[in-house]
*Asks:* 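Shown below is the structure under consideration.
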Amino acid sequence: MAFEEKMIKSEYVFEGHLIQVRKDLVTTVNGESVREIVDHDDAVAIVALKPDGTIIMERQFRYAAERVVFEIPAGLVDPGEDPETAAIRELREETGYRAGKIRYLTTTYPSIGFSNEIVRFYLCTEMEKGETEFDENESIDLEEHPIEEIYKKVMNGEIADSKTQIGVLMTMNLIRLGELKDYLK
């Protein structure tokens with residue numbers, strides 16, 4: 001049975017706008033140890049699937065990666081906001097689309113070894129086009145691609161973004177199981 005560590009004491013060593021870093025002293029199976037934890041708000045990632053089998057993708061420069069990244073829409077959950085509501089909002093803000101239907105796919109911890117960030121994944125369908133509402137400092141190029149094409153890019157390593165990999169794989173699984181056959185034309 002796995003040993004469950006317990007916090008002895010905790011202190012914040014950095015408090016920023018997006019993240020906070022804390023240093024926790026915890027009990028371990030052989031005594032005590034230090035854990036450095038990044039506190040990060042929860043996030044949502046959206047696979048926006050159209051009836052023709054295309055999905056809405058974004059290209060944006062990601063400073064941490066020092067390059068333009070090809071990815072599915074995503075964003076942070078506002079304090080007190082329901083994650084599904086956040087997914088609907090982020091889809092509208094980043095792509096201009098409003099989802100007629102939304103389906104929960106899965107939840108992941110992208111960096112579970114040192115961060116408490118949670119990303120919840122949603123599939124949005126029956127979408128209606130509207131206007132984007134980018135955040136003040138966002139610069140996003142929108143593209144539509146067949147999900148099969150994006151799936152191949154995921155599988156051959158051309159897409160390095162983990163949220164895109166997970167969202168596309170989860171959606172392709174639904175397609176292959178026939179769960180979206182009434183929607184896709």
*Asks:* Is any side-chain N of the basic residue among Lys9 and Glu11 closer than 4.0 Å to the acidic one's carboxylate O?
*Replies:* no

*Asks:* Using side-chain contact (heavy atoms from CB on, under 4.5 Å), reason through Val38 and Asn116 one step at a time and then give a plain yes or no.
*Replies:* CA-CA 7 Å; Val38 175; Asn116 59 13; over 6 Å; no

*Asks:* Working to the nearest 0.5 Å, report the span between CD of Glu71 and CD of Gln60.
*Replies:* 4.5 Å

*Asks:* Before you tell me yes or no, could you show the steps for Lys101 and Glu126 under salt bridge (Lys or Arg N to Asp or Glu O under 4.0 Å), namely the whole-Å CA-CA distance, both residues' side-chain angles and the distance that decides it to 0.1 Å?
*Replies:* CA-CA 6 Å; Lys101 287 190 177 177; Glu126 298 182 12; 3.6 Å; yes

*Asks:* Looking only at non-hydrogen atoms, find the nearest pair between Glu90 and Ala74 and report the distance.
*Replies:* OE1-O, 3.5 Å

*Asks:* Find the distance between CZ (Phe3) and CD (Glu5) and round it off to the nearest 0.5 Å.
*Replies:* 7.0 Å

*Asks:* Can you see whether Phe14 has Arg22 sitting over its ring - NZ or CZ less than 6.0 Å from the centre and within 45° of the normal?
*Replies:* no

*Asks:* Looking at Gly31, is its backbone amide N or carbonyl O close enough to the side chain of Thr28 to form a donor-acceptor pair, meaning the two atoms are under 3.5 Å apart?
*Replies:* yes

*Asks:* Output yes when a side-chain donor or acceptor of Glu81 lies under 3.5 Å from a complementary backbone atom of Asp78, and no otherwise.
*Replies:* yes

*Asks:* Any idea which heavy atoms bring Pro110 and Val119 closest together, and the distance?
*Replies:* CG-CG2, 3.6 Å

*Asks:* Distance-only, no hydrogens or angles: does the Thr171 side chain make a donor-acceptor pair with backbone N or O of Gly167 under 3.5 Å?
*Replies:* yes

*Asks:* Please check if Val154 and Ile56 belong to a single hydrophobic cluster, counting links between Ile, Leu, Val, Met, Phe, Trp and Tyr side chain heavy atoms closer than 4.5 Å.
*Replies:* no

*Asks:* Can you check whether Ile159's main-chain N or O pairs, donor with acceptor, with Gln165's side chain at less than 3.5 Å?
*Replies:* yes

*Asks:* Is the closest side-chain heavy-atom distance between Lys185 and Asp52 below 4.5 Å?
*Replies:* no

*Asks:* Would you say Ile46 ends up clustered with Leu169 if hydrophobic residues are merged whenever their side chains have heavy atoms under 4.5 Å apart, either directly or through other cluster members?
*Replies:* no

*Asks:* Answer yes if Ile140 and Phe61 sit in the same cluster of Ile, Leu, Val, Met, Phe, Trp and Tyr residues linked by side chain heavy atoms under 4.5 Å apart, and no otherwise.
*Replies:* no

*Asks:* Would the distance check show the side chain of Tyr104 and the main-chain N or O of Glu84 forming a donor-acceptor pair, the cut-off being under 3.5 Å?
*Replies:* no

*Asks:* Evaluate the side-chain proximity of Val34 to Lys23: yes if any heavy-atom separation is below 4.5 Å, no if none is.
*Replies:* yes

*Asks:* List the steps, then state whether ring pair (Phe, Tyr, Trp, His ring centres under 6.0 Å) holds for Phe70 with His145.
*Replies:* CA-CA 11 Å; Phe70 194 44; His145 293 267; 5.3 Å; yes

*Asks:* One thing to verify: whether Glu148 and Lys152 come together as a salt bridge, which I'm taking to mean a side-chain N less than 4.0 angstrom from a carboxylate O.
*Replies:* no

*Asks:* Considering residues, nucleotides and ligands other than Glu158, do more than 12 of their heavy atoms fall under 6.0 Å from its CD?
*Replies:* yes

*Asks:* Does a side-chain heavy-atom distance below 4.5 Å link Leu184 with Leu49?
*Replies:* yes

*Asks:* Among the clusters formed by ILVMFWY side chains lying less than 4.5 Å apart, do Val69 and Val168 turn up in the same one?
*Replies:* no

*Asks:* Just wondering, do Tyr122 and Ile88 contact through their side chains at under 4.5 Å, heavy atoms?
*Replies:* no

*Asks:* Applying side-chain hydrogen bond (donor to acceptor under 3.5 Å, both in side chains) to Lys50 and Tyr97, what does each step give before you reach the verdict?
*Replies:* CA-CA 11 Å; Lys50 298 176 84 176; Tyr97 280 92; 3.1 Å; yes

*Asks:* For the pair Gln20 (side chain) and Gly16 (backbone), establish whether a donor and an acceptor sit closer than 3.5 Å, ignoring hydrogens and angles.
*Replies:* yes

*Asks:* Less than 4.0 Å between a side-chain N and a carboxylate O, is that true for Arg103 and Glu179?
*Replies:* yes

*Asks:* Any sub-3.5 Å donor-acceptor pair from Asp24's side-chain atoms to Val26's backbone N or O?
*Replies:* no

*Asks:* I'd like to check Asp39 versus Tyr12 (side-chain heavy atoms, cut-off strictly below 4.5 Å). Are they in contact?
*Replies:* yes

*Asks:* What is the distance from atom CD1 of Ile102 to atom OG1 of Thr125, rounded to the nearest 0.5 Å?
*Replies:* 9.0 Å

*Asks:* Same cluster for Leu91 and Val47 if Ile/Leu/Val/Met/Phe/Trp/Tyr side chains link at under 4.5 Å?
*Replies:* no

*Asks:* Between atom CE of Met170 and atom CD1 of Ile175, what is the distance when rounded to the nearest 0.5 Å?
*Replies:* 12.5 Å

*Asks:* Any chance you could measure Ile55, atom CD1, to Glu143, atom CD, to the nearest 0.5 Å?
*Replies:* 11.0 Å

*Asks:* Between Tyr109 and His40, is the gap from one ring center to the other below 6.0 Å?
*Replies:* no

*Asks:* Would you name the heavy atoms of Glu117 and Asp41 that are closest together and state the gap between them?
*Replies:* CG-O, 3.8 Å

*Asks:* Yes or no on salt bridge (Lys or Arg N to Asp or Glu O under 4.0 Å) for Asp42 and Arg120, after CA distance, side-chain angles and deciding distance?
*Replies:* CA-CA 8 Å; Asp42 291 352; Arg120 290 178 180 84; 3.3 Å; yes

*Asks:* Does atom CD (Glu128) have a neighbourhood of more than 12 heavy atoms from anything else shown, all under 6.0 Å?
*Replies:* no

*Asks:* First locate atom OG1 of Thr107, then atom CD1 of Ile118, and finally report the distance between them rounded to the nearest 0.5 Å.
*Replies:* 7.0 Å

*Asks:* Using atom types as modelled and distance alone, determine if a side-chain donor or acceptor of Lys129 lies under 3.5 Å from a backbone N or O of Thr95.
*Replies:* yes

*Asks:* Has the side chain of Thr54 got a donor or acceptor atom that lies under 3.5 Å from a matching backbone atom of Glu144?
*Replies:* no

*Asks:* Indicate yes or no for a side-chain donor-acceptor contact from Asp161 to the backbone of Thr164 under 3.5 Å, with no hydrogens or angles considered.
*Replies:* yes

*Asks:* Side chains of Glu36 and Val13, heavy atoms from C-beta outward: is any pair under 4.5 Å?
*Replies:* no

*Asks:* Which residues satisfy the side-chain contact (heavy atoms from CB on, under 4.5 Å) test with Glu66, sequence neighbours excluded?
*Replies:* none

*Asks:* Closest approach of Arg176 and Tyr151, non-hydrogen atoms and distance?
*Replies:* NH1-OH, 3.3 Å

